[in-house]
Amino acid sequence: MGCIKSSQAKQDGGGRRIRKPKPWNHTEPITRTQLDQMREEFWDTAPYYGGSREIWDALRAAAEADDLRHARAIIDGAGIIVESADLTTCYDERGAKYELPNYVLSEPANLIRES
């Protein structure tokens, strides 16, 4: 017989549950194009601030995943330890810290819809 905690951990994907970030606003309204540019810039430069390129790639894949189950599978497969359920703070198995800004995880509430 297993204990409740271990069966819950299996149901949760082996780790802490993840969720979408809470609604947030950028300092000023931005367009989808500007948001995409900010995201590309972040992902291009993030590995230079430390940590493993493979973990950064897994975090990007999880951030861009279509649903939370897929994101959780990516996180678990890469051995990423989730500190913040919204993925803003994570660690790898060696203890390196990875901080993700809200803009790579979700859209701001004040996003300007382009037509």
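All values reported here derive from a predicted model rather than from experimental measurement.
- Here the closest non-hydrogen pair linking Ala109 and Asn25 is CB-OD1, 3.4 Å.
- Taking 4.5 Å as the limit, some side-chain heavy atom of Ile75 sits within range of a side-chain heavy atom of Leu59.
- The number of heavy atoms from other shown groups lying within 6.0 Å of CD (Gln37) does not exceed 12.
- Under a hydrophobic-cluster definition in which Ile, Leu, Val, Met, Phe, Trp and Tyr are linked whenever side-chain heavy atoms come within less than 4.5 Å, directly or via other members, Trp24 and Ile18 are assigned to the same cluster.
- In this structure, CD in Glu40 is found 11.0 Å from CG in Leu35, a value given to the nearest 0.5 Å.
- Going from atom CZ of Arg94 over to atom OG of Ser52 covers 6.5 Å, rounded to the nearest 0.5 Å.
- Judged by distance alone, the side chain of Ser84 and the main-chain N or O of Leu87 form no donor-acceptor pair under 3.5 Å.
- Of the candidates Tyr49, Trp56, Tyr91, Trp56 is the only one forming a ring pair (Phe, Tyr, Trp, His ring centres under 6.0 Å) with Tyr98.
- The backbone N or O of Thr31 lies less than 3.5 Å from a partner atom in the side chain of Gln34, making a donor-acceptor pair.
- Taking 4.5 Å as the limit, some side-chain heavy atom of Asn102 sits within range of a side-chain heavy atom of Thr88.
- Arg19 CZ to Leu105 CG: the interatomic distance, rounded to the nearest 0.5 Å, is 10.5 Å.
- Considering all non-hydrogen atoms of both residues, Ala96 and Gly51 come closest at CB-CA, 4.3 Å.
- Residues Asp92 and Ile80 are not in side-chain contact: their nearest non-hydrogen atoms beyond the backbone lie 4.5 Å or more apart.
- No side-chain heavy atom of Pro108 sits under 4.5 Å from any side-chain heavy atom of Tyr103.
- Looking at Asn110, its side chain does come within 3.5 Å of a backbone N or O of His26 through a donor-acceptor pair.
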Quick one, Phe42 with Arg60, criterion side chain to side chain contact (heavy atoms under 4.5 Å, CB included). Give me CA distance, side-chain angles, the key distance, then yes/no. CA-CA 10 Å; Phe42 174 81; Arg60 181 177 188 168; over 6 Å; no
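- For the pair Arg53/Pro47, a side-chain contact is recorded, criterion being any heavy-atom separation below 4.5 Å from C-beta on.
- Asp86 is not listed as a side-chain neighbour of Lys20, based on a closest heavy-atom distance of 4.5 Å or more.
- Within the 4.5 Å cutoff, side-chain heavy atoms of Ile30 are placed close to those of Met38.
- Closest non-hydrogen pair, Arg69 versus Asp67, comes out as N-OD1, 3.1 Å.
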Working for side chain to side chain contact (heavy atoms under 4.5 Å, CB included), residues Val82 and Arg17: CA-CA 8 Å; Val82 177; Arg17 285 186 180 258; over 6 Å; no
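- Note: Glu83 CD to Ile81 CD1 = 9.5 Å, rounded to the nearest 0.5 Å.
- Take Arg39 and apply the side-chain hydrogen bond (donor to acceptor under 3.5 Å, both in side chains) test, not counting sequence neighbours, and it matches no residue.
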